[in-house]
Amino acid sequence: MQVILKELTKSFEVILLKNLIENGKKEVFEKIHKNLINQSSKEEFGDYQCNICLVLSKIYKRNPREIAITFVQILKENKKISNLCEDLEIAGPGFINIKLKNNILIEEIKSNLQCPRAGVPLSNKISKSNSKKKVIVDFSSPNIAKEMHVGHLRSTIIGDTISKIFELRGHSVLRLNHIGDWGTQFGMLITQLKDLYSRDLKEIENIKISDLVEFYKASKKRFDNEKEFQKRSREEVVKLQKGDTQSIEAWKLLCNQSRKEFDEIYKTLNITIKERGESFYNPYLKSIIQDLKCKKILIEDQGAKCVFLDGMTNKEGNPLPLIIQKKDGGFNYATTDLAALRYRFNKEPNGDNANRIIYVTDHGQANHFIGVFQVAKKANWIPEDCEVNHVPFGLVQGIDGKKLKTREGDTIRLKDLLSESVKRAKEDLLKRLENESRFESDEFILNTSRVIGIGAVKYADLSQNRITNYQFSFEKMLSLNGNTAPYLLYTLVRISGINRKNNMTEEDINSKSIEYSHDLEWKLIRKLLKFDEVIISIEKDLMPNRLCNYLFELCQTFNRFYDQVPILKEQKEKKISRLSLCALTEKTLKLSLELLGIESLERM
RNA sequence: GGGGCUGUAGCUCAGUAGGAUAGAGCAACGGUUUCCUAAACCGUAGGUCGUGGGUUCGACUCCCUCCAGUCCCGCCA
């Protein structure tokens, strides 16, 4: 209903301006016309509300209800408004409650049924300033030779959902996996590789490391304890950076091995993402230094080249530096991040020509990004009308409120976590089948538990306000009650059940005679029509949990409707009308689950 | 010392851009099935929105103080 809201707002604005001019207060219009019409704070008040009379009360120094009476009178004379609205009611101290006409709502339902995006308008349909953009979403970003854990899970699925929402709105999206594929740790890894296999790495293509994580741990241990190993590792880093053929071969081996393991996870989670690791930006690092030098913001301090940040100090109270080049001449992650940011905003062919860059990383990096963005701004690397956002998220905790770990205190492997969820979903399913004396094929059982298991993990994460830490609980996320994936999937299954037992043909359903009378029908209609507003708010604030909240409410509303309003038993007209609501609920749910990266089910 | 974030029902959490009586789920108690998957639905109970100020016609929401928790802070990412 975003389009209707816009239209209504426009008409209200015109009248407000006219009213202000008549009262000689034209100048305050700019200040007060924002959010002229809001969502109704409560359903029973109507669809929208306008609180402007309370604001005008102060400006005109008159009673707000009095103002409301005259204001409403003028509004009612407007044809556009009277076409859209049932009635304008003054309530409380001077709120104007707006209720849309039934036929308008029904038209919206019909049009959303036809719309492939269930009523979500493309961005260029709403306003010109918000037209098609190139958006880069930087997410997932695991490190070579390290295990993916729950932290990567959050980044991955939040990033995936945000990307999908932008795509739905018609933007061009580049999903980038900023893999940690460069840095000092490769010195020790390559040295370990040489020690364990052949020193000359002659038959490098035949080397297979069975457990890369164990390999990493072992080499880290040697690096920390053996001086000789440390020395060789440092030398190895230099060789690698110089582009020594053998070192590069070894580096590639490690990356390929890691990539295979990442891809397995991405396949399980059904994630598409373009790999572009840190090493990609190596050729651009030197010019970062030069550029900052030219702009006179680079300062040498204790041998390191830094940019000092505004508004931040260190423990001694001195300005905090962002180190761009270490005293040994090496670069670090701030340098890479700056090079990446500049490249992404640059025009093609030496850039991505992005309008907006979104970084989905854990909250621990918030300060780092504040620094990086500040330096980028100082260096003029963020073009006008372009935007950078850090999308931080909190920790995943165990039920004990501490960082999620195995009983032995190790990080939990993402692989294990996902298969555990599927296993539990399968156990639940089997129990249910037994209780209900149902028989299902192995294929059904396998697929259903996979969809529920993976979906539950994703949904639990996405439904949480990302900023706060959250407690990971298989029991809760797989529960059939509450704001969970199984609850939403069950709602979908109910609709599929209706579809299966419905004997009407397509042609019958396309009939025009749609009408509603039941209170629960109207509640469902109004809930359905809020979908686009939710999507647009997420595009702005990057909070996917709002979609989950909405879906939960939608399903609750639908289930109340389903419980009390018969569908298939009804006469033709009523039946068609109600089937239409089922169809739009189904469409909205399926599309939303797709946005959340969760597969749908017809039976469960 | 500086900076980020958090503090809402017994527990886990929602709460756009300030609006009318602060919402869910779980747990507790009670009710609903000739009907489309009861994996559902309905009801009862539960709150000084961390504290104290300020701005406002109006504050969980904005500003400041303080308290508590957590993360980051010179050559790791």
Side-chain angles (χ1 to χ4, degrees), chain A residues 34-35 38-39 41-42 45 49 51 54-55 57-58 64 91-95 97 141 143 146 180 182-185 278 301-306 309 311-328 330 332-334 336-337 361-371 392 394-395 399 401 428-429 432 436 438 463-465 467-471 473 475-476 479-484 486-487 489-491 493-502 533-534 536-538 540-541 543 545-546 548-549 552-553 556 559-560 562-564 566-569 582 603-604:
Chain A
K34 269 185 192 165
N35 307 318
N38 300 319
Q39 293 283 344
S41 59
K42 291 219 163 179
F45 297 150
Q49 63 181 58
N51 306 335
L54 293 141
V55 181
S57 150
K58 193 169 180 212
F95 301 114
N97 288 334
S141 310
N143 292 314
K146 284 195 193 166
W182 201 252
T184 44
Q185 77 272 23
E278 292 172 355
D301 190 73
Q302 295 169 38
K305 296 196 172 68
C306 324
L309 301 170
M312 291 208 248
T313 58
N314 63 12
K315 285 169 196 164
E316 287 78 44
N318 301 317
L320 190 75
L322 186 74
I323 293 175
I324 313 287
Q325 190 170 26
K326 301 187 282 189
K327 67 180 167 195
D328 66 3
N332 58 13
Y333 70 122
T336 313
D337 278 353
T361 79
D362 69 281
H363 187 248
Q365 296 190 46
N367 281 339
H368 166 68
F369 280 110
I370 290 173
L395 234 56
I399 319 266
D428 284 355
L429 177 63
R432 246 181 37 240
E436 295 166 20
R438 265 167 73 189
S463 60
Q464 204 75 19
N465 180 327
I467 297 177
T468 52
N469 297 342
Y470 90 94
Q471 289 195 0
S473 155
E475 216 162 288
K476 274 190 182 165
S479 163
L480 318 157
N481 296 309
N483 189 5
T484 65
Y487 178 76
L489 289 170
Y490 174 63
T491 309
V493 162
R494 281 184 139 179
I495 299 173
S496 300
I498 295 170
N499 292 340
R500 270 197 303 277
K501 300 213 171 160
N502 174 32
E533 285 165 20
V534 174
I536 287 164
S537 107
I538 299 172
K540 187 171 142 262
D541 298 326
M543 301 291 273
N545 66 310
R546 282 192 198 147
C548 300
N549 259 322
F552 180 48
E553 285 170 13
Q556 281 182 313
N559 280 323
R560 277 169 207 147
Y562 177 95
D563 193 60
Q564 293 192 33
I567 299 164
L568 295 179
K569 282 199 295 192
C582 292
R603 295 192 306 123
M604 64 193 277

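Chain letters run A, B, ... following the sequence lines, proteins first, then strands; residues in each count from 1. Every value quoted in this text rests on a predicted model; they were computed, and no experiment measured them.
- A search for side-chain contact (heavy atoms from CB on, under 4.5 Å) contacts involving A/Lys305 returns A/Ile289, A/Lys293, A/Leu298, A/Glu300, A/Gln325, not counting sequence neighbours.
- Phosphate contact (OP1/OP2 of B/A20, side-chain N/O of A/Ser41, threshold under 4.0 Å): present.
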So which protein nitrogen or oxygen atoms get under 3.5 Å of nucleotides 54-62 of chain B's nitrogens or oxygens?
from  : atom 1 : to      : atom 2 : distance (Å)
B/C57 : OP1    : A/Lys58 : NZ     : 3.2

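- If you check every strand for non-hydrogen atoms under 4.0 Å, A/Pro321 touches a base.
- For A/Met312, counting side-chain heavy atoms from C-beta on, the closest listed nucleotide (B/C41, B/G3, B/G74) is B/G3.
- Taking for each of A/Asn465 and A/Asn97 the nucleotide of RNA chain B with the nearest heavy atom, the 5'-most of the two is the partner of A/Asn465.
- Applying the salt bridge (charged side-chain N to carboxylate O under 4.0 Å, His left out) rule to A/Arg438 yields the partners A/Glu436, A/Glu440; only residues at least two apart in sequence or on another chain are considered.
- For RNA chain B, runs of at least 3 consecutive pairs of the Watson-Crick or G-U wobble type, with both hydrogen-bonding distances under 3.5 angstrom, map to B:1-7 with B:67-73, B:10-13 with B:23-26, B:28-32 with B:40-44, B:52-54 with B:62-64.
- Residue A/Tyr470 has no polar side-chain atom (N or O) positioned under 4.0 Å from OP1 or OP2 of B/A14.
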Close N/O contacts between protein and nucleotides 75-77 of chain B (under 3.5 Å):
from  : atom 1 : to       : atom 2 : distance (Å)
B/C75 : O2     : A/Lys327 : N      : 3.0
B/C75 : N4     : A/Gln302 : O      : 2.7
B/C76 : OP2    : A/Lys326 : NZ     : 3.0
B/A77 : OP2    : A/Tyr333 : N      : 3.2
B/A77 : O3'    : A/Glu278 : OE1    : 3.4
B/A77 : O3'    : A/Glu278 : OE2    : 2.5
B/A77 : N7     : A/Tyr333 : OH     : 3.2
B/A77 : N6     : A/Tyr333 : OH     : 2.4

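- Projected onto RNA chain B by closest heavy-atom contact, A/Asn469 and A/Ser537 fall at different nucleotides, the more 5' of which corresponds to A/Asn469.
- Applying the ring-ring contact (aromatic ring centres under 6.0 Å, His included) test to A/Tyr487 and every residue at least two apart in sequence or in another chain returns A/Phe552.
- Every residue two or more places apart in sequence or in another chain was checked for a salt bridge (charged side-chain N to carboxylate O under 4.0 Å, His left out) with A/Asp362, and none qualifies.
- Heavy atoms of A/Asp541 sit nowhere under 4.0 angstrom from any nucleic acid atom.
- Listed by chain and number, the residues in a side-chain hydrogen bond (donor to acceptor under 3.5 Å, both in side chains) with A/Ser537 are A/Arg546 (sequence neighbours excluded).
- Regarding contacts with the backbone of B/G15, a side-chain N or O of A/Asn545 is found under 4.0 angstrom from either OP1 or OP2.
- Applying the ring-ring contact (aromatic ring centres under 6.0 Å, His included) criterion to A/Tyr470, with sequence neighbours excluded, gives no partner residue.
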Protein proximity profile, nucleotides 26-37 of chain B - base contact B, sugar-phosphate-only contact S, no contact -, cut-off 4.0 Å on heavy atoms: S---------BB

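- For A/Arg494, there are no salt bridge (charged side-chain N to carboxylate O under 4.0 Å, His left out) partners two or more places apart in sequence or in a different chain.
- The ring-ring contact (aromatic ring centres under 6.0 Å, His included) search around A/His363 returns none, not counting sequence neighbours.
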